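In what follows, a single structure is set out as structure tokens and then discussed.
Keep in mind that what you see is a predicted model, and the values were worked out from it rather than measured.
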Amino acid sequence: MLQPTPVQAEAPAGERPGGVPTVRHLRQVLLWPLRLMPTRPPAGAGPERVPPWQLLRDQGEASPWREVVDEYTGGIEAFHERHYNEFVTFLPYVQRFLYGEGRSGHGATAPGSGPPLRVFRRHDVSAVRAVTRPGEPALRLSIVHVDLYFFYDVDVVILNLEVAANDLPLPRAQELLYRFGRAYPAGWDAQGHALHCLHEVEWLAGDGRVLARSDAQQRELFMAHVCEHRAPRIAAHWAFLLEPLVPAHSDREGMLRYRQIEYYRMPLMAFLALDEPQALTRNDFVRLGLVTGAGPREGDTALPYAAQHLSDFEQRFCYDRFWSDGGAAPHTRYLCSGHSLVVVGDARSEFFGCRDRGVLAQFRHQHFMLFLIAHFQKAALLMFSDRLVEALKALDVGDPASVRRFKRAIRQSFEVFLRFTHRYWFHEVAEQAQARALFHMASNHLGLDPLYAEVKERIHDMNAYLDADSLRRQANTVVRLTVVTIFGLVGTVTTGFLGMNLIAEAEASLWTKLGYFALVFVPTTFLTVYTMVKSKRLSDFLDALSDERLSTWAKVKSLLAVWRRGTD
């Protein structure tokens, strides 16, 4: 059954407008993908790149984050049936990505067997106090966990925050889903109130202390930051939650810096248990599935968008395989828009709220993992695109050092993208119909396939340019060597013909022979170097000389052009 949350809404439980459904249990999961910026290695470290999670781990007590020992590593005591069900849902190559290779047959951990992702968790934040709109009573939500997901060989980190609450009116739950996951305000209204985000947010410690609060109402701070840095300012409560990671444009010191890579509105998952989910109107489902906030519940005019735009809402965004009276979890509906994955079901069903093998367990394990994979793939592709743009911005074709750095950056991006393709890119994550369908819905709405094709084409274009440039340079070198060989052939034949003891000094002293050697070596070296300098023009002269269509005078002018300025 559903487990009651120890932290309830501060509003009186009896104040419920007539006819408004009550969400008996709410889970909201936020995923915030961020790009990790290149870091300088610590003092005394070698030239090899230090993984970002290693930098976070090395901070020790100075950081609130601690690496999570997963249920597989922790032993059978921490391993439950819901973890087993999660594992067997995915295909083998996805299992290796999520959980690693495990232990060898002799019981020792095999080299490189750890999972390609590392998870860090902080335990100092236990609750959040939120005010959705000015003048509304505050909500107090319990924090289930706060995690950071790092991925091997990809400079992406994902913040994962899960909160829970009980007995919320549906409109307040809708407003919470709509406003909570905002990295900064989208703007301010005429009264100076921040738009589309929570009016007030406070992170609370276990003893009730306020650890951090939002500064979204301080318009001047956000405007000044954008004006100075040409980058948005992360709201104070989100910046606190990520510490000791700091924004890329922050003046604060930090080994790990991050940059926003997607829209400021964080992807979210939601689990809503209601007494009668079938009593929800189509407007309710549209607002939940597209996360548009609360609004009127009845009538087509109450829809958040035009009726024509929503005519195929059920086909595009709803997975209704279990939206029926029968089954273990009747009246369970899944709504997926790519940005969100929302599960609505019957709180009276024992299976729906079961934490070990019910829909809630699936939501927090299988569905969370497939949603995480989809958004990680998108964030990684956007990260690759960012790196290409930065490499091009730093390129100065007139600076050889800049050209070399550009080539290294593009080659490295190509190699990392190749490893990403073989390690993290897959179209199928499971054969189970439900997990497979939800992953396809999320991938299609996120546009992962077109985005992958675009990034792949850009990287291959860059790499093809470097290959063509290398071939061009090699061809120029061959041309110059050919010119030197041709003109050196005259001297070679001449000296070979005259080598019949024209100067009979075979019995001369060593110093005399060295003198003759230097007398020949110095002008020969000068002529070779001079020929290399003029090899481009001499090559043009050889081309003109071999062209039978040119007159003798044109060929002579081509020879004279070798010493004429401005003829390249």
Under a 3.5 Å distance rule, please check whether [X] uses its side chain to pair with a backbone N or O of [Y] as donor and acceptor.
X	Y	value
R122	L241	yes
R357	C354	no
S126	A205	yes
E67	R57	no
E162	I143	no
S63	P244	no
S385	L381	no
E175	A294	yes
W203	R129	no

Measuring from atom [atom1] of [X] to atom [atom2] of [Y], what distance do you get when rounded to the nearest 0.5 angstrom?
X	Y	atom1	atom2	value
Q54	D58	CD	CG	4.0 Å
L31	L268	CG	CG	8.5 Å
H365	L360	NE2	CG	8.0 Å
D386	D155	CG	CG	11.5 Å
H445	L341	NE2	CG	10.5 Å
L370	Q434	CG	CD	9.0 Å

Do the ring centers of [X] and [Y] come within less than 6.0 Å of each other?
X	Y	answer
H367	Y334	yes
F384	F420	yes
W53	W65	no
Y452	W425	yes

- Could you go step by step and tell me if E454 and R458 meet the salt bridge (Lys or Arg N to Asp or Glu O under 4.0 Å) rule? CA-CA 6 Å; E454 179 183 354; R458 290 184 180 184; 2.7 Å; yes
Taking the side chain as every heavy atom from C-beta outward, state whether [X] and [Y] have any atom pair closer than 4.5 Å.
X	Y	value
L117	L98	yes
Y149	V156	no
F352	V343	yes
E262	L34	no
L30	F180	yes
F406	L392	yes
L159	L148	yes
N166	R24	no

Taking every non-hydrogen atom, the tightest pair across [X] and [Y]:
X	Y	result
P247	I234	CG-CG1, 4.4 Å
S337	G289	OG-O, 3.5 Å
H427	D449	NE2-OD1, 3.0 Å
L418	H422	O-CD2, 3.1 Å
I410	A391	CD1-CB, 4.0 Å
C197	A194	SG-CB, 3.5 Å

Examine the side chains of [X] and [Y] and answer whether a donor and an acceptor come within less than 3.5 Å of each other.
X	Y	value
R182	Y264	yes
D215	H237	no
H25	R27	yes
S250	R257	no

Can you classify the ring geometry of [X] versus [Y] as parallel (below 30°), tilted (30 to 60°) or perpendicular (above 60°)?
X	Y	answer
F414	H460	perpendicular
F151	Y424	perpendicular
Y178	H196	perpendicular

State whether [Y] and [X] meet the cation-pi test: NZ (Lys) or CZ (Arg) under 6.0 Å from the six-membered ring centroid, and within 45° of the perpendicular axis.
X	Y	result
R233	Y184	no
R423	F426	no
R364	F271	no

- Residues two or more places apart in sequence or in another chain: which of them pass ring-ring contact (aromatic ring centres under 6.0 Å, His included) with H229? H225, H249
- Apply ring-ring contact (aromatic ring centres under 6.0 Å, His included) to H193 and list each qualifying residue two or more places apart in sequence or on a separate chain. H199
- Item | Salt bridge R213-E200, side-chain N to carboxylate O under 4.0 Å | no
- Tell me, with the steps shown, if L288 and L272 meet side chain to side chain contact (heavy atoms under 4.5 Å, CB included). CA-CA 10 Å; L288 286 173; L272 294 90; 4.0 Å; yes
- Any chance you could lay out the salt bridge (Lys or Arg N to Asp or Glu O under 4.0 Å) test for R66 and E61, step after step, and finish with the verdict? CA-CA 9 Å; R66 296 293 178 266; E61 296 300 325; 3.2 Å; yes
- Note on the structure: From the list L161, N160, V119, side chain to side chain contact (heavy atoms under 4.5 Å, CB included) partner of H145 resolves to N160
Solution key, residues 436-443 side-chain donor-acceptor pairs under 3.5 Å, sequence neighbours excluded:
from	atom 1	to	atom 2	distance (Å)
R436	NE	E428	OE1	3.1
R436	NH1	E431	OE1	3.3
H440	NE2	E428	OE1	3.1
H440	NE2	E428	OE2	3.0
S443	OG	F439	O	2.9

- Message: As a quick check of understanding, evaluate side chain to side chain contact (heavy atoms under 4.5 Å, CB included) for L245 and L56, giving each step before the final call.
- Response: CA-CA 9 Å; L245 282 71; L56 188 61; 4.2 Å; yes
- Verdict with supporting geometry, F368 and F363, ring pair (Phe, Tyr, Trp, His ring centres under 6.0 Å): CA-CA 6 Å; F368 169 76; F363 170 83; 8.7 Å; no
- Passes salt bridge (Lys or Arg N to Asp or Glu O under 4.0 Å), D396 versus R405? Steps please. CA-CA 10 Å; D396 181 3; R405 288 193 297 268; over 6 Å; no
- Message: Run E390 and R259 through salt bridge (Lys or Arg N to Asp or Glu O under 4.0 Å) and show every step you take.
- Response: CA-CA 13 Å; E390 291 173 357; R259 173 183 293 177; 2.8 Å; yes
